[in-house]
Number of protein chains: 2
Amino acid sequence: MQREINGRPVIETARGPVLTPCAPGSVLARLGDKWTILVVSMLALSPDTPMRFGAIRRGIPDISQRMLTLTLRSLERDGLVARHYYPEVPPRVEYELTARGRSMLDPLAAFTGWIRDTWQDIEASRKEFDDVERSGTSAN
Amino acid sequence: MQREINGRPVIETARGPVLTPCAPGSVLARLGDKWTILVVSMLALSPDTPMRFGAIRRGIPDISQRMLTLTLRSLERDGLVARHYYPEVPPRVEYELTARGRSMLDPLAAFTGWIRDTWQDIEASRKEFDDVERSGTSAN
DNA sequence: ATCGTCGGTTACATCATCATAACCATTGAA
DNA sequence: TTCAATGGTTATGATGATGTAACCGACGAT
């Protein structure tokens, strides 16, 4: 039976364990970009009813139309978001989380919950680290 | 009482909910980069004993010395990894997860577990999406 | 005398991400 | 007739992330 960690098979060798660099990283990379979590969060606000493009846009201040389009397209590509186009005038486009997208919410919340709880400590560590770096550069 | 989702406060307005774009995204962005999860996974293999730079490096094929250094430095900056330097010759440097880093493992595993379970479906969706895009461009 | 080990740093090129802004088609309203 | 609303696309730059390669210093082994 093979050991596994974070979805990655571990190979035991004489010189130590070796991780198989495997695909799940590309999912984390997608969700780790600048806007994806915000967009998913907006859609998670109304898991049962679709949401119009403009409503999502208004819910995320500072996101540009282009980046929202790209982000939604990526999520759609991964099958996490469904797009419904109604060729009215003016056109109406609605988005909603798919079943797969909704299945992500709980595990995601487990992780973002940890981030929320730990965030202030991480911020403090960053500040301290940067301060030491700055003073250390001249003091060394 | 304020609604919250994925660690982000939600403001209710007449035109719909608005998400406060808040800092936790920067943690996800850090973990979502190309190497961080792999490095954390390596260190999680031996949560109790530190690991040498070279051992981590050998455990992650294809990571360059530079990127491993940068990734470990980032994790150290966030207080997730501790660095121990022994000025011997040749020098010895050991890394280990801090308590904070270890506290991340369970929530992270919840999420990467979902990725592992869903990965094949996501891959399939991507392929299908890209195929439709390619044929659709000419067929439209 | 030269090489290899270890854990880096530095310089440079390349590539992806993101921001900004202009443009598009359609229709109804001012 | 000009304008706004909707949901985009396209062009252009800037910034950031990553890859590649060379170099470092101390020492032990060859």
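Naming: A, B, ... by sequence-line order, numbering from 1 per chain. Quantities reported herein were computed from a predicted structural model and do not represent experimental measurements.
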A.B. asks: Nearest-Å distance, CG (A:Leu68) to C1' (C:dT20)?
C.D. replies: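 Result: 16 Å.
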
A.B. asks: Ignoring backbone atoms, establish whether A:Lys34 has a side-chain N or O less than 4.0 Å from OP1 or OP2 of D:dG16.
C.D. replies: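 For D:dG16, OP1/OP2 do not have a side-chain N/O of A:Lys34 under 4.0 Å.
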
A.B. asks: Measure up the A:Phe111 and A:Trp114 rings against each other and bin them: parallel (under 30°), tilted (30 to 60°), perpendicular (over 60°).
C.D. replies: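 Ring orientation, 0 to 90° scale: parallel.
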
A.B. asks: Over how many whole Å does the gap from B:Ile60 atom CD1 to C:dG7 atom C1' extend?
C.D. replies: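 Checked: the CD1 to C1' distance equals 15 Å.
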
A.B. asks: B:Phe53 CZ to C:dG7 C1': how many Å, rounded?
C.D. replies: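 Atom-to-atom, B:Phe53 to C:dG7, this comes out as 6 Å.
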
A.B. asks: With a 4.0 Å cut-off on heavy atoms, is A:Tyr86 in touch with a base, just the backbone sugar-phosphate, or nothing at all?
C.D. replies: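 Nothing: the residue A:Tyr86, judged by heavy atoms under 4.0 Å, touches no strand.
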
A.B. asks: Please give, in whole Å, the distance from D:dA21 C1' to B:Ile63 CD1?
C.D. replies: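 Distance, rounded to whole Å: 17 Å.
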
A.B. asks: Closest to the A:Met67 side chain: D:dG19, D:dG8, C:dA19?
C.D. replies: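 The closest nucleotide is C:dA19.
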
A.B. asks: To the side chain of A:Pro90, which of C:dT9, D:dT6, C:dT27 is closest?
C.D. replies: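 Of the candidates, D:dT6 comes closest.
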
A.B. asks: Only one of A:Thr71, A:Leu72, A:Leu80 clears side chain to side chain contact (heavy atoms under 4.5 Å, CB included) with A:Thr36; which?
C.D. replies: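 So, applying the side chain to side chain contact (heavy atoms under 4.5 Å, CB included) to A:Thr36 and each of A:Thr71, A:Leu72, A:Leu80, only A:Thr71 qualifies.
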
A.B. asks: Would you mind telling me which of D:dG8, C:dT26, C:dG7 lies closest to the side-chain atoms of B:Gln65?
C.D. replies: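 Shortest atom-to-atom distance from the side chain points to C:dG7.
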
A.B. asks: B:Tyr95 vs B:Phe53 aromatic rings, parallel, tilted or perpendicular, using cut-offs 30° and 60°?
C.D. replies: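 Because their plane-to-plane angle lies in the 30° to 60° range, the rings of B:Tyr95 and B:Phe53 count as tilted.
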
A.B. asks: Over how many whole Å does the gap from B:Tyr85 atom OH to C:dG8 atom P extend?
C.D. replies: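 B:Tyr85 atom OH is separated from C:dG8 atom P by 8 Å.
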
A.B. asks: OP1 or OP2 of D:dT10 less than 4.0 angstrom from a side-chain nitrogen or oxygen of A:Arg66, does that happen here?
C.D. replies: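 Answer is no, no contact under 4.0 Å.
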
A.B. asks: Rounded to whole angstroms, how far apart are NE2 on A:His84 and P on D:dT6?
C.D. replies: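 After rounding, the gap between these two atoms is 19 Å.
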
A.B. asks: In plain terms, say whether A:Arg116 and B:Glu4 are close enough for a salt bridge, that is, a side-chain N and a carboxylate O under 4.0 Å apart.
C.D. replies: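 Salt bridge flag = yes for B:Glu4 with A:Arg116.
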
A.B. asks: Return the value, rounded to whole Å, for the distance between atom CD of A:Glu94 and atom C1' of D:dG7.
C.D. replies: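 It works out to 13 Å between those atoms.
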
A.B. asks: Is B:Glu128 salt-bridged to B:Arg126, cutoff N-O under 4.0 Å?
C.D. replies: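 Answer for the salt bridge query: no.
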
A.B. asks: Contact class for B:Arg30 vs. all strands (heavy atom < 4.0 Å): base, sugar-phosphate, or nothing?
C.D. replies: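 The answer is nothing, as B:Arg30 stays clear of every strand by at least 4.0 Å.
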
A.B. asks: If you pin A:Leu70 and B:Pro91 to their nearest nucleotides in DNA chain C, which one's is more 5'?
C.D. replies: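 Final value for this comparison: B:Pro91.
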
A.B. asks: OP1, OP2 of D:dG7 versus side-chain N and O of A:Arg58: anything below 4.0 Å?
C.D. replies: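 A:Arg58 to D:dG7 OP1/OP2: no side-chain N or O under 4.0 Å.
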
A.B. asks: Grab the CG-P distance between A:Asp62 and C:dC18 for me, whole Å please.
C.D. replies: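 From A:Asp62 CG to C:dC18 P: 14 Å.
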
A.B. asks: Output the single nucleotide from D:dT20, D:dT18, C:dG8 whose closest atom is nearest the side chain of B:Ser64.
C.D. replies: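 Out of D:dT20, D:dT18, C:dG8, the nucleotide with an atom closest to B:Ser64's side chain is D:dT20.
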
